[in-house]
**Q** 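This is the structure, below, for whatever I ask next.
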Amino acid sequence: MRIRRKKIQYRLCACALAAFLTLSLGGCGKKEMTTQAPTEAPAVAEDEFRDSEGFVAVRDYVKTKTDQVNLYRKPDQTSEIYVTLNKGVDLQRTGILNSWTRVQLNGSTFYLLSSQVEETEVKWAEEPTVASAGKVIFIDPAKQITENKELEPVRPDIEPEYENTQKMEDVDGDGTPETEVSESVIKNTTGMKAKNAAAVKGVISSTFEYEITLAVANLLNAELVRRGYTVVMSRTDNNVTLSNATRAELANQANADLYIRLSAGAVQDVTTTGVMAFVNTSTNPNTGIRFQDNYNLGYDLLQNVCETTGVKRIGIYETDDMTSLNYCHMPAASFQLGFLSNADDDNRLNDASHQNLLAKALADGIDQYFKEKDEK
């Protein structure tokens, strides 16, 4: 049995990092999305088999030809958008009808314009590798449009203390408070954090963090599915209201084998650049038993991203102040994709080719984690 030694060369202590890890808060907003007019689909023979939806049934592989490719819930551009993909994402095609192509992703059926895909020779992972077989990966793209300042316990073992207070309220709406009402408020805020802090935005691009993290998460999702993993995402839209604790609880409910949070925050020192991973400490009362697994996961993600993209490796930061990590029942790590407060990082994080590299490197890190775990 091979025992993996704890890797210490890239660990950072709290005091060394505290000087520049003071997060900045940004405003909220949402970019408008545009749709493209349908174009003609590839010609199909009249006698080819059509299924109950009227689609000509096929089973092959395509990839997206452009950025901003929408996958719809129905073959209708006014229907709900499940995810927006960048150029070069591999998809399994199951049908063609007029200007629409039907594909499979994460075990569900979606639709996109046929003009936005082209055939590819990719070999779909119909027979998962040993590493990915039966594995469920939970991806949590950090932040959302709406900030939530309500408090929640940073760890599940912390019990909030409440007390009743009295206040006057304007019940009849005449502008004058005249009725005394009782309100339950948190008595002691120690060990409590905001459910979801405001998203930062790029110093150059003005792109919000929640847009960056979701874009990379979508690419990672598709890459992992291609490799044979099952993927569950905390969100597929920016307009959600999920607390950090809730996101981890969703991973627990999914019986995920790994939880990976993707972030792209900002710091006061605008020269800070690179990538880093966050994991819980070995003394964490809820997750300490999984410390080595958490650390190995963070290390493997960090190693592969740095080798693939060439970005600066900052290191692994051990902390018990990240709510989502504290609530996870499985190995978990938060991965900082870069710093939107740094001009170079901001430009990279908004580049489609860099996003694709990040997704593939993160998938490689996940493969490496399971491979090394199986070798122990």
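Predicted model only: the values in this text are computed from it and were never measured. In this chain, residues are counted from 1 in sequence order.
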**Q** Between I212 and T207, is the side chain to side chain contact (heavy atoms under 4.5 Å, CB included) condition met? List the steps.
**A** CA-CA 7 Å; I212 296 293; T207 304; 3.9 Å; yes

**Q** Any chance the side chains of R235 and T213 put a donor and an acceptor closer than 3.5 Å?
**A**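 R235 vs T213: donor-acceptor pair found between side chains.
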
**Q** Q355 and N86: side-chain donor and acceptor closer than 3.5 Å?
**A**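 Yes, because at least one side-chain N or O of Q355 sits under 3.5 Å from a partner of the opposite role on N86.
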
**Q** Verify whether one side chain among Y229 and D367 offers a donor that lies under 3.5 Å from an acceptor in the other.
**A**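 Yes, because at least one side-chain N or O of Y229 sits under 3.5 Å from a partner of the opposite role on D367.
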
**Q** Angle class for the F278/Y317 ring planes (parallel below 30°, perpendicular above 60°, tilted otherwise)?
**A** perpendicular

**Q** Show me the pairs that pass salt bridge (Lys or Arg N to Asp or Glu O under 4.0 Å) and involve residues 240-256, at least two apart or across chains.
**A**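 Every salt bridge (Lys or Arg N to Asp or Glu O under 4.0 Å) pair that includes a residue of residues 240-256, provided the two are not neighbours, is D140-R247.
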
**Q** Is K143 close enough and on-axis enough to F208, meaning under 6.0 Å and within 45°, for cation-pi?
**A**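 Here K143 fails the 6.0 Å and 45° test against F208.
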
**Q** Suppose we screen for ring pair (Phe, Tyr, Trp, His ring centres under 6.0 Å). Which residues come up paired with F335, at least two apart in sequence or across chains?
**A** none

**Q** What do the steps show when you test Y111 against Y82 for ring pair (Phe, Tyr, Trp, His ring centres under 6.0 Å), and what is the final call?
**A** CA-CA 9 Å; Y111 306 84; Y82 169 68; over 10 Å; no

**Q** Do R102 and I96 have side chains that get closer than 4.5 Å, going by heavy atoms?
**A**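 When only atoms from C-beta onward are counted, I96 and R102 do not touch, as no gap falls below 4.5 Å.
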
**Q** List the residues meeting ring pair (Phe, Tyr, Trp, His ring centres under 6.0 Å) with Y327, not counting sequence neighbours, and say none if there are none.
**A** none

**Q** Test Y72 against W100 for ring pair (Phe, Tyr, Trp, His ring centres under 6.0 Å), laying out the working first.
**A** CA-CA 10 Å; Y72 297 92; W100 290 96; 5.7 Å; yes

**Q** Do R313 and M276 have side chains that get closer than 4.5 Å, going by heavy atoms?
**A**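 Heavy-atom side-chain distance check fails, nothing below 4.5 Å.
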
